[in-house]
Amino acid sequence: MRIDIITVLPELLENFTKESIVGRAQKKGLVEIHVHNLRDYTLDKWRRVDDYPFGGFAGMVMQCEPIDRCISQLKSERHYDEVIFTTPDGEQFSQPMANKLSLCGNIIILCGHYKGIDYRVREHLITKEVSIGDYVLTGGELAAAVMTDAIVRILPGAIGDEQSALSDSFQDNLLAAPVYTRPAEYKDWGRVPDVLLSGHEARIKEWELQQSIERTRRLRPDLLRGTPLE
Ligand code: 6GU
């Protein structure tokens with residue numbers, strides 16, 4: 001898989017893509033992440049990529065030309081399954097969307113900024129508009145990082161234990177069960193549940209499922225609406 005991220009703040013994303021599971025997935029050859037500085041694609045001698053909005057509204061608007069030049073260049077090199085724009089008025093990002101995007105060959109993520117982008121870009125170049133939640137960020141870079149992280153970590157082989165991505169909270173619409181590690185007793189904070197120390201695999205699985213259901217009912221009953229567990 002290949003993810004191309006277009007941004008006016010490449011420094012914000014460069015470290016993120018090198019670190020942790022995303023960094024390791026790249027070294028393993030599971031994904032290539034390329035960060036492009038939008039300013040490298042403007043013909044403006046001041047390297048400006050935004051301008052005042054027609055109509056006299058407040059704020060600045062990202063111009064068509066640098067975005068068009070950058071995306072056209074990428075598209076001339078390979079096929080892209082999606083050209084995503086990060087925007088608070090987009091479709092809400094979710095685990096099913098991450099799952100679907102992780103099956104793509106190549107995607108572009110264009111990070112929104114300022115008051116927005118010239119609407120013609122959205123009509124002519126963008127195939128999918130995505131928000132990561134109902135709050136406003138100063139730019140789309142953190143949203144692009146969130147999406148990239150969620151997509152890359154479920155690529156087969158990205159996480160050491162293949163099982164563990166599938167047993168995540170949300171992967172089956174249930175929150176994950178609590179986990180513990182050594183020591184089995186710490187201060188007076190209570191013991192790790194006996195069943196986890198029993199070595200009885202079937203009983204442990206049963207406990208894990210019961211915990212998941214109980215925590216989901218208590219913390220996120222909305223996830224169970226319309227299911228037999230409601
Ligand atoms: Cl994708 N962008 C911005 N600027 N704010 C957001 C967002 C995206 N998702 C939630 N808030």
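Only this structure's heavy atoms are used, side chains among them; waters, hydrogens and symmetry mates stay out. Note that ligands are numbered from 1 as they come in the structure, with each ligand's atoms numbered from 1 the same way.
Looking at heavy atoms from C-beta onward, M60 lies in side-chain contact with Y52 at the 4.5 angstrom threshold.
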Quick check for students: name every N or O atom pair between ligand 1 and the protein closer than 3.5 Å, with distances.
unit_1	atom_1	unit_2	atom_2	d
ligand 1	4 (N)	L137	O	3.1
ligand 1	5 (N)	L137	N	3.0
ligand 1	9 (N)	S131	OG	3.3
ligand 1	9 (N)	I132	N	2.9
ligand 1	11 (N)	Y135	O	2.5

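For D44, there are no salt bridge (charged side-chain N to carboxylate O under 4.0 Å, His left out) partners at least two apart in sequence or on another chain. For R215, there are no salt bridge (charged side-chain N to carboxylate O under 4.0 Å, His left out) partners, not counting sequence neighbours.
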Donor-acceptor pairs under 3.5 Å, side chain of residues 179-192 to any protein atom, not counting sequence neighbours: which ones?
unit_1	atom_1	unit_2	atom_2	d
E185	OE2	R191	NH1	3.4
R191	NH2	D194	OD1	2.9

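Nearest heavy-atom pair across A177 and S212 is N-OG, 3.6 Å.
Side-chain atoms of T42 come within 3.5 Å of backbone N or O of R48 as a donor-acceptor pair.
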